[in-house]
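Contents: one structure, followed by commentary.
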Amino acid sequence: MNARSVTRLFPLANGFWFFLCLLAGAIPPASGAESVNDWVKGALPELTQFYKSLHQAPELSHEEEKTAATMAETLRKLGFTVTEKVGGHGVVGVLKNGAGPKLLLRADMDGLPVVEETGLPYASQVKVRDARGATVGVMHACGHDMHMTMLMGTLEYLSTHRDQWSGTLVPIFQPAEEKGAGAQKMLDDGLFRRFPKPDYALALHVAADRPTGNVAWRPGYAMANVDSVDIVIRGKGGHGAYPHMTIDPIVIAAKLVLDLQTIASREVKPIEPVVVTVGSIHGGAKHNVISDDCTLQLTVRSYTPEVRKQILDAIKRKADAAAASAGAPQPDITISDGTPALANDADLAKRLEPVIQKELGKDKVEESEPSMGGEDFGAYGRAGVPILMIAVGAVDQSRLTKYETEGTLAPSLHSPLFYPDIDGTLTTGVRTLTAASLDLLAKKK
């Protein structure tokens, strides 16, 4: 049995046997002549099983205990020094292979409170009680199971082909991305102090609207600052037949909803991307009762720190003004779930473009449009590391064509119907991340 076929067993029980044999020198190093593409084809069955096992066992944000344990155990079998419980359930591996750059590779681990409706034979059946005590389904509806598998495939290749690179690998498996909190928690827990601070950081993310085989990224700002804002308007309740004896918080809320729309249209420079969405409004309980309060929930999106502050300041000013205009007390305003904008390093993107074009084909690499979605991978860039997040096409072209023929859109990320086509997504992701890693960790000639 050659080294390649043995190493593919790492997700299974025999992985530890392989690791011991590798340390003892019983297994020769993998041949440097083997292409990444050929290696992935051979590894695909075991990687697929690894993916399906993760898909069937999702865990919510901040609760990724079992997933983290699986990642830690697998990293150890591949020869990494492993530290667990970094910033919660975060896992950090370190593999030193001579002098050279330090490269961080990141995957996120958490699932979403979504009941899966894909009908797949390996669909998640998990149900748990959330923080509110409600029973919810749990699903990897954003592809984090695929992110972990693509990263593990890359790490398996790199750990068994050490003759092809030199430097230090620092893979991290991050919790709580869906809460916009995991990256910062790992940083606050000393990620760049306790472990080698990377010269570069890469991450993959599945794309629900791109065909398998294709990848894309955007230099500079690619994803938005995300803030959640809760506003509680206090009024004076009473009978609906005698409104003059009340201060109606629902009327104040209605005025505020309209006022908030003028932030983007009249206060922020038109070329700056801005979203202020009132996603929820709750007030009152009966037809003829004016309530004491009304609650609004907003999602706020922007790119630059300056515009982010401008928007949040404007929301507070307009909420205070709407309340004051009706003689109501100052509203309660809470800002939470802050996720920084993701800005890809332009030089890193430029360096890796020809590398990935060579691996996949020039026509398979595109520049993506900017998105107002959020991703806390941007926190590592703000901490002083050049970063690049690469979108990996996750839906087979035949399936995309079918949706188009039917006049429907492909299920988006976070949809209960979303699922990646495994072979094409896995193959492209591992090839892309491996090729990029080998270039950044290339041995000096």
Side-chain angles (χ1 to χ4, degrees), residues 61-62 86-92 101-110 142 144 147 151 168-205 217-229 268-269 272-275 299-313 335-352 368-391 433 436 440:
S61 304
H62 301 297
V86 180
H89 291 299
V91 177
V92 179
K102 297 174 285 293
L103 174 61
L104 184 148
L105 302 176
R106 174 267 208 174
D108 35 17
M109 298 188 292
D110 48 332
C142 199
H144 295 189
H147 302 167
L151 176 51
T168 301
L169 267 177
V170 186
I172 65 170
F173 291 88
Q174 179 201 304
E177 185 279 329
E178 295 295 352
K179 295 290 188 179
Q184 193 59 53
K185 282 184 176 295
M186 292 190 77
L187 288 167
D188 292 344
D189 200 15
L191 179 64
F192 290 167
R193 299 191 310 272
R194 297 164 56 190
F195 309 96
K197 184 174 181 178
D199 298 294
Y200 314 99
L202 303 177
L204 302 178
H205 202 301
W217 61 79
R218 183 177 188 82
Y221 282 114
M223 302 189 81
N225 295 306
V226 180
D227 294 292
S228 296
V229 181
V268 178
K269 190 184 299 184
E272 293 283 359
V274 174
V275 171
T299 186
V300 181
R301 313 286 172 123
S302 59
Y303 274 163
T304 68
E306 295 78 15
V307 171
R308 183 183 198 177
K309 183 178 185 302
Q310 181 184 3
I311 298 170
L312 295 176
D313 288 347
I335 300 170
S336 59
D337 292 344
T339 301
L342 189 155
N344 285 319
D345 185 83
D347 291 337
L348 182 56
K350 183 177 180 180
R351 171 176 173 173
L352 292 179
S368 59
E369 295 182 349
S371 168
M372 296 308 284
E375 230 297 346
D376 72 354
F377 183 62
Y380 305 115
R382 288 176 178 263
V385 175
I387 66 169
L388 181 65
M389 172 163 275
I390 301 171
L433 193 57
L440 295 173

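Throughout, residue positions are numbered sequentially from 1 according to the sequence presented. Values below: every heavy atom of this structure, side chains too, minus hydrogens, waters and symmetry copies.
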Side chains of F192 and L104, heavy atoms from C-beta outward: is any pair under 4.5 Å?
yes
Test of understanding: with salt bridge (charged side-chain N to carboxylate O under 4.0 Å, His left out), list the residues that count as partners of R106, not counting sequence neighbours.
D108, E375, D376
Report the distance from atom CG of L388 to atom CG of N344, rounding to the nearest 0.5 Å.
4.5 Å
Report the distance from atom CG of L204 to atom CG of L105, rounding to the nearest 0.5 Å.
8.5 Å
Criterion side chain to side chain contact (heavy atoms under 4.5 Å, CB included) on V86 and R194, from CA distance to verdict:
CA-CA 10 Å; V86 180; R194 297 164 56 190; 4.2 Å; yes
So, for F173 and L151, which heavy atoms are closest and what is the spacing to 0.1 Å?
CZ-CD2, 3.7 Å
Taking the side chain as every heavy atom from C-beta outward, state whether R382 and P305 have any pair of such atoms under 4.5 Å apart.
yes
Is any side-chain heavy atom of V92 closer than 4.5 Å to a side-chain heavy atom of L191?
yes
Would E178 and C142 satisfy side chain to side chain contact (heavy atoms under 4.5 Å, CB included), going step by step from the backbone distance to the final call?
CA-CA 9 Å; E178 295 295 352; C142 199; 3.2 Å; yes
H144: partners by ring-ring contact (aromatic ring centres under 6.0 Å, His included), with sequence neighbours left out
H147
Heavy-atom side-chain contact between L440 and L352 under 4.5 Å
yes
Using every non-hydrogen atom in the two residues, find where H205 and M389 come nearest and quote the distance to one decimal.
CB-SD, 4.1 Å
Which heavy-atom pair separates S371 from G373 by the least distance, and what is that distance?
OG-N, 2.9 Å
Let me confirm one number: the CD1-CG distance from I335 to L312, rounded to the nearest 0.5 Å.
4.5 Å
Show your working on side chain to side chain contact (heavy atoms under 4.5 Å, CB included) between Q310 and V268 and close with a plain yes or no.
CA-CA 8 Å; Q310 181 184 3; V268 178; 4.0 Å; yes
NZ of K179 to NZ of K185: how many Å apart, nearest 0.5 Å?
12.0 Å
Which heavy atom of P340 sits nearest a heavy atom of G378, and at what distance?
CG-C, 4.4 Å
Y221 side chain near L342 side chain, heavy-atom distance below 4.5 Å:
no
When rounded to the nearest 0.5 angstrom, what distance separates CG in L202 from CG in L103?
5.0 Å
Q184 versus Y380, side-chain donor and acceptor atoms under 3.5 Å
no
So which heavy atom on P101 is nearest to which on Y200, and how close?
CB-CE1, 4.2 Å
Could you check whether any side-chain heavy atom of R301 comes within less than 4.5 Å of a side-chain heavy atom of R308, counting everything from C-beta outward?
no
Can you measure from CG (D345) to CH2 (W217) and round to the nearest 0.5 angstrom?
13.0 Å
Measure from the side-chain N and O atoms of D110 to the backbone N and O of P175, and report whether any donor-acceptor pair falls under 3.5 Å.
no
Dump the intermediate steps for side chain to side chain contact (heavy atoms under 4.5 Å, CB included) on V274 and I311, then the final yes or no.
CA-CA 8 Å; V274 174; I311 298 170; 3.6 Å; yes
Checking salt bridge (charged side-chain N to carboxylate O under 4.0 Å, His left out) for the pair D313/K309: CA distance, chi angles, key distance, verdict?
CA-CA 6 Å; D313 288 347; K309 183 178 185 302; 2.7 Å; yes
With a 4.5 Å limit on heavy-atom distance, are the side chains of P273 and M372 in contact?
yes
